[in-house]
Amino acid sequence: AIPLQYGAQYSGKRTDDAMNKWRSNRFGQFIHWGLYAIPGGVWNGKTYNYAAEFLKASANVPSATWDSLMYQFNPVKFDAKQWAKMAKKMGVKYMTITTKHHEGFCLWPSKYTDFSVAGSPYKKDILKQLVEAYNAEGIDVNFYYSVLDWHHPDWRNDIKSPQDSVAFKRYLDFAYNQLKELATNYPTVKAFWFDGTWDNSVKKNGKWTYEVEKMLKEVSPGVIVNSRLRADDYGKRHKDSNGQLMGDYESGYERRLPDPVTDTAVTRWDWEACMTIPENQWGYHKDWTVSHVKSPLELLEMLVHTTSMGGNFLLNFGPTGNGDFRKEELDIATVIGNWMGKYGDAIWNCDYAGMKKEDWGYYTKKKNSNQLNMVVFNWPSSGLLKVRTPRGMVLDKASFVDAKGNALKVEEIADNQYLIQVPVKLYTSPQVIQVDFHQGA
Ligand SMILES: C[C@@H]1N[C@@H](C#Cc2ccccc2)[C@H](O)[C@@H]1O
């Protein structure tokens, strides 16, 4: 192995209570909210199709002009309790909020910058209201923090001169202080979600990324840090120069999921996928007709797919500049929430079942149980669901979660091969069949 000072600190999955809770949450709400929500992808009457939170770059807006959006930030419809109630009904167990995105605007009154809610007509601490409201609903809150900062004069994309070094050191001190401020002032926050760490300037500062993770865990014991923060001694990200995952979970799946047949290696570590509802919009965009908007059932399948591979699914919402949600997002929250209300037990505290993927859908397995869930998206016209079990696993009985009393016919047609007989029907949402099993000889 290559000797490293700033590589992975441990291997395997964390098994402490904080990480077990993070893992059991499975379904989270991502919220991207900042000044970019005010123009919503439109600048000087022109609609830019690229991600709305990148509008400053897409529309080539001068920094002084963009930063003056701060004086328009006054979300009169913002109601943290209402947001938290919607999230609770949707069935999420955690929420990740952008404390500061690439634009540099802070949703809390940071003492290290004037470019925050404190400088806006709104004035109040948004993070404090969200943490209190979501925690009151029993939902954990995590903080997204962009290391990339277009506003700060000392930010550098790369270090190409001694002057760059001096300036970027000032920037890294600023970011370190902000992160310590966040961990100190919001002690119930469970995890830090780092982004904007792809530039050479950060890759050349693996030591700083190591020190940030160390500081956060000292200030907030048990806190969880994603792999995106970290660069090792040689600038390697996510996995160090020895191929070991850095941080507490892998967070490279952005708008994509691992393949359930060829990518089962991900089941060996903790990981999370984050997903947009349109093709590529994290911040609020006025016009969602510019790309495919995923239906509730498409998103629900992604949630089940992710759970079936032992990952967490973080679904993104982009509130408007006024602090309310668009109808499409409210409808998705309702449909998914209705399903989670009936079948959430097949998601929460469930994990990879260690079984071969079948065409009809996905398996999830309740932690520390002999309860196997079959979430069926593709209903078989044959009325037969094929199940291949690992050696020694014997199926005992199966029934619809909705009809526990009506046992389904389970036929073992060969060693470790079963057929479960189901009615041939057209369903309009995925069905969940619960299977009890035991470990045989
Ligand atoms: C979680 C997501 N990561 C951010 C990004 C990005 C990006 C997109 C293209 C090229 C380089 C970086 C998005 O703005 C959103 O915050």
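Note that ligands are numbered from 1 as they come in the structure, with each ligand's atoms numbered from 1 the same way. Sequence positions, counted from 1, serve as the residue numbers for this chain. Owing to the predicted nature of the structure, the values given are computational and were not obtained by experimental measurement.
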Asks: Are the aromatic rings of Tyr362 and Phe377 close, with centres under 6.0 Å apart?
Replies: yes

Asks: Ring centres of Tyr343 and Trp348 under 6.0 Å apart?
Replies: no

Asks: Do Lys366 and Asp345 sit within salt-bridge range, that is, some charged N less than 4.0 Å from a carboxylate O?
Replies: yes

Asks: If the plane angle is over 60° it's perpendicular, under 30° parallel, otherwise tilted; pick one for Trp108 and Tyr145.
Replies: tilted

Asks: Just list the N/O pairs, ligand 1 to protein, that are under 3.5 Å apart, with the distance for each.
Replies:
residue: ligand 1; atom: 3 (N); partner: Asp195; partner atom: OD2; Å: 2.8
residue: ligand 1; atom: 3 (N); partner: Glu254; partner atom: OE1; Å: 3.4
residue: ligand 1; atom: 3 (N); partner: Glu254; partner atom: OE2; Å: 3.2
residue: ligand 1; atom: 14 (O); partner: Glu53; partner atom: OE2; Å: 2.8
residue: ligand 1; atom: 14 (O); partner: His101; partner atom: NE2; Å: 3.1
residue: ligand 1; atom: 16 (O); partner: His32; partner atom: NE2; Å: 2.7
residue: ligand 1; atom: 16 (O); partner: His101; partner atom: NE2; Å: 2.8
residue: ligand 1; atom: 16 (O); partner: Tyr144; partner atom: OH; Å: 3.4
residue: ligand 1; atom: 16 (O); partner: Asp195; partner atom: OD2; Å: 3.3

Asks: Are there more than 12 heavy atoms of other residues, nucleotides or ligands under 6.0 Å from atom NZ of Lys89?
Replies: no

Asks: In chain order, what residues pass the side-chain hydrogen bond (donor to acceptor under 3.5 Å, both in side chains) check against Lys85, with sequence neighbours excluded?
Replies: Glu137

